[in-house]
Amino acid sequence: MERMLRGLPASPGIVAGPVHLLRWEVPDVPPRMVSESDVEGELTRFHDAVSGAQDRLRHVRDRAANQAGVEESKIFEVQITMLDDRALNSEVEGFIRERRSAEHAFDLVMLEWRRRFGRASAPMLRERVGDLMDLHIRVLGILLKLPDSDPVDLPKGSNAILVTHDLTPSLTVQLDRDAIAALATDEGTSTSHVAILARSLGLPAVVGLRDATTRLKGNERVVLDGTTGVLVVNPTDEEIAQARLRAEQAAILEESLRSEANVAAQLRGGERIFLRANVDIPEESELAARSGADGVGLMRTEFVVIGRTTMPDEDEQYRAYRRVVDAFAGKPVVIRTFDIGGDKLPVGGFPSEANPFLGWRAIRMCLDQPELFLVQLRALLRAAAHGDVRILLPLVVSVDEVRRTRALIAEAARTLDERGAVFRDRVQVGVMIETPAAAVAADTFVNDADFFSIGTNDLVQYTLAVDRGNVNLANRFTPLHPAVLRLIRQTVEAGRKRGLEVAVCGEMGSQPLTAFVLVGLGIRHLSVAPRAVPSMKRMLRSISAESAREAADAALASSTAAEAERIVRRLLQAAAYDLSPAELGLLGSETGDILGYAV
């Protein structure tokens, strides 16, 4: 087997540890007929497998309740109940009585149920497709005597590298950060859900490995480098020592950056850049506040929902939002309304669609379900009584969506007033610019929006027609493409004319190379992963506005993204001459290496 597997860097860090291989996919089931005398034995085998799966689910549920919370663990309670469904059991028993093996019978029924539920008109049925797949995998695993590879029973301190095809919500709920030291997936890109989650949790990660789950057998020792996107299998003692040395050097660099936490982010010459933090889960808000961020530029509220079977009620949402507001003590906290859809779905969540990124998601779903949206808006207005809360609307393409949202905010305020609740309804409402339509028509929003926030992850995706979660297209996901840069410049100019704040909250703001260009395009508000705040402050303090404008102009004049990257890379190294390539985040496909291997 090839010793070095190359993927995409998703979350920085270097870890050496054993592989915990999780093949969470429906296994192949060969058709098998049994004799008449074996039918009763196959029925018993089926019922024993169901009982065993339920016992396992109870164990998983209890562990998830302790680690992620009772609400998040309810997904497994639902699955336990589904295995008791009389119709499901009856259909499987019917196939077994036709002399099919227990695994063949169960496979046939589950394939049909998943197809039927996926096409159902009732949302409640469509929401169960993800649960059915989990049950399909679990019961077949028992019937086929496959090894149990849930990430549940790893002992704390295992320092394991979790290798799986992709992270589903039900797997995410089970992650134990005291046992899992890093993540590696076949699927995904640097802007996919798993990458965002890994950065939020502070776990080094490599994604887009394509076939790591088939190449590895489990328990191999590996070195994972989340900075360069490489997994080294069965490293030598010397390679492990080199990895530890690099990890120690990274730790020293991180320690030196802590002094930047309380220093303002300003360019050479003194111009201020406001550097805010992206917050995915409320639990990380205190860490984000200690990073020295100037507030929250993006709280992704969908992460309060992912991994659950029910939507959180108003009080639960209020507590989650208030925790973030309190952590930042009066600094701006921009909270995005639910951006559910695309690659961010609750368990089973919402209707499965042929093209979810262009489907019923984000502001569209919220406006089509006003009762759901009003619950969130009331919670936001209540949280706003405790700080500077600003509401951000995702995937807006028309000013009508902003106006309808403002009407719902007014309705939410009336309800709270009638209840005698403490709230504040004078909150800023911003538009997320993440489609070419929104960028081209940015001037149409200026009378109804209080600020713009450019979501570069989706803006690149929609502008270049590149699915940001598709590993086969990862090399085509190029933020420095001239079309993307022109749309950003157009948005900045529309906001500047009206005096609106224009921020960037996508991954372009977290990468020194692209942040350099953004500053040159006129962006003065960036929102980044909390752990990137100190390093971004150091980078910003090392460049001037003039050098950034030169880089932006050069990138805009380039014919291709590759040409722009080469020029900007050279200009950044010249402008930030006192920083190393590592400090500038320039290690990678062109200049980086891991353990002596060229990447």
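Along the sequence shown, the residues carry numbers beginning at 1. All values reported here derive from a predicted model rather than from experimental measurement.
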Ignoring hydrogens and angles, state whether a donor on the side chain of [X] or [Y] is under 3.5 Å from an acceptor on the partner side chain.
{"X": "Gln79", "Y": "Asp131", "answer": "yes"}
{"X": "His136", "Y": "Arg114", "answer": "yes"}
{"X": "Ser527", "Y": "Asn278", "answer": "yes"}
{"X": "Asp134", "Y": "Trp24", "answer": "yes"}

Quick one: are [X] and [Y] in side-chain contact, heavy atoms under 4.5 Å?
{"X": "Arg138", "Y": "Leu57", "value": "yes"}
{"X": "Pro235", "Y": "Ile240", "value": "yes"}
{"X": "Val206", "Y": "Leu231", "value": "no"}
{"X": "Leu171", "Y": "Leu162", "value": "no"}
{"X": "Met299", "Y": "Val334", "value": "no"}
{"X": "Ile567", "Y": "Leu571", "value": "yes"}
{"X": "Pro27", "Y": "Leu146", "value": "yes"}
{"X": "Asp176", "Y": "Lys156", "value": "yes"}

Nearest 0.5 Å please: distance from the [atom1] atom of [X] over to the [atom2] atom of [Y].
{"X": "Glu103", "Y": "Ile142", "atom1": "CD", "atom2": "CD1", "result": "12.5 Å"}
{"X": "Leu584", "Y": "Gln573", "atom1": "CG", "atom2": "CD", "result": "7.0 Å"}
{"X": "Thr456", "Y": "Leu487", "atom1": "OG1", "atom2": "CG", "result": "12.5 Å"}
{"X": "Met110", "Y": "Leu132", "atom1": "CE", "atom2": "CG", "result": "4.5 Å"}
{"X": "His481", "Y": "Glu565", "atom1": "NE2", "atom2": "CD", "result": "13.5 Å"}
{"X": "Asn472", "Y": "Arg210", "atom1": "CG", "atom2": "CZ", "result": "4.5 Å"}

Is a donor on one side and an acceptor on the other found under 3.5 Å between the side chain of [X] and the backbone of [Y]?
{"X": "Thr301", "Y": "Arg336", "result": "yes"}
{"X": "Lys331", "Y": "Arg276", "result": "no"}
{"X": "Asp186", "Y": "Ala212", "result": "yes"}
{"X": "Thr463", "Y": "Leu459", "result": "yes"}
{"X": "Asn159", "Y": "Ala16", "result": "yes"}
{"X": "Thr164", "Y": "Leu22", "result": "yes"}

Between [Y] and [X], is the closest basic N to carboxylate O distance under 4.0 Å?
{"X": "Asp578", "Y": "Arg268", "answer": "yes"}
{"X": "Arg549", "Y": "Glu546", "answer": "yes"}
{"X": "Glu220", "Y": "Arg3", "answer": "no"}
{"X": "Arg361", "Y": "Asp339", "answer": "yes"}

Could you report the tightest heavy-atom contact between [X] and [Y], atom names first, then the distance?
{"X": "Ala564", "Y": "Ser558", "answer": "CA-OG, 3.5 Å"}
{"X": "Gly188", "Y": "Val471", "answer": "O-CB, 3.9 Å"}
{"X": "Ala264", "Y": "Arg541", "answer": "O-NH1, 3.1 Å"}
{"X": "Val15", "Y": "Ala181", "answer": "CG1-CB, 3.7 Å"}
{"X": "Leu485", "Y": "Ala555", "answer": "CD1-CB, 3.5 Å"}
{"X": "Phe516", "Y": "Val568", "answer": "CD2-CG1, 3.9 Å"}

Should the heavy atoms of other residues, nucleotides or ligands under 6.0 Å from [atom1] of [X] be counted, would the total exceed 12?
{"X": "Arg272", "atom1": "CZ", "answer": "yes"}
{"X": "Arg58", "atom1": "CZ", "answer": "yes"}
{"X": "Asp211", "atom1": "CG", "answer": "yes"}

Please step through side chain to side chain contact (heavy atoms under 4.5 Å, CB included) for the pair Leu579 and Arg538, ending with a clear verdict.
CA-CA 9 Å; Leu579 299 185; Arg538 178 169 289 187; 3.8 Å; yes
From CA spacing to verdict: side chain to side chain contact (heavy atoms under 4.5 Å, CB included), Val466, Asn470
CA-CA 8 Å; Val466 172; Asn470 188 332; over 6 Å; no
Intermediate values then yes/no, side chain to side chain contact (heavy atoms under 4.5 Å, CB included), Gln174 and Val60:
CA-CA 7 Å; Gln174 299 179 54; Val60 172; 3.6 Å; yes
Return a table of donor-acceptor pairs under 3.5 angstrom between the side chains of residues 507-515 and protein atoms on other chains or two or more places apart.
from	atom 1	to	atom 2	distance (Å)
Glu507	OE1	Arg199	NH2	3.3
Glu507	OE2	Arg199	NH2	3.2
Ser510	OG	Ala529	N	3.4
Thr514	OG1	Met508	O	2.7
Thr514	OG1	Gln511	O	3.2

Might you work through the side chain to side chain contact (heavy atoms under 4.5 Å, CB included) test for Leu5 and Val230, ending with a clear yes or no?
CA-CA 6 Å; Leu5 308 183; Val230 173; over 6 Å; no
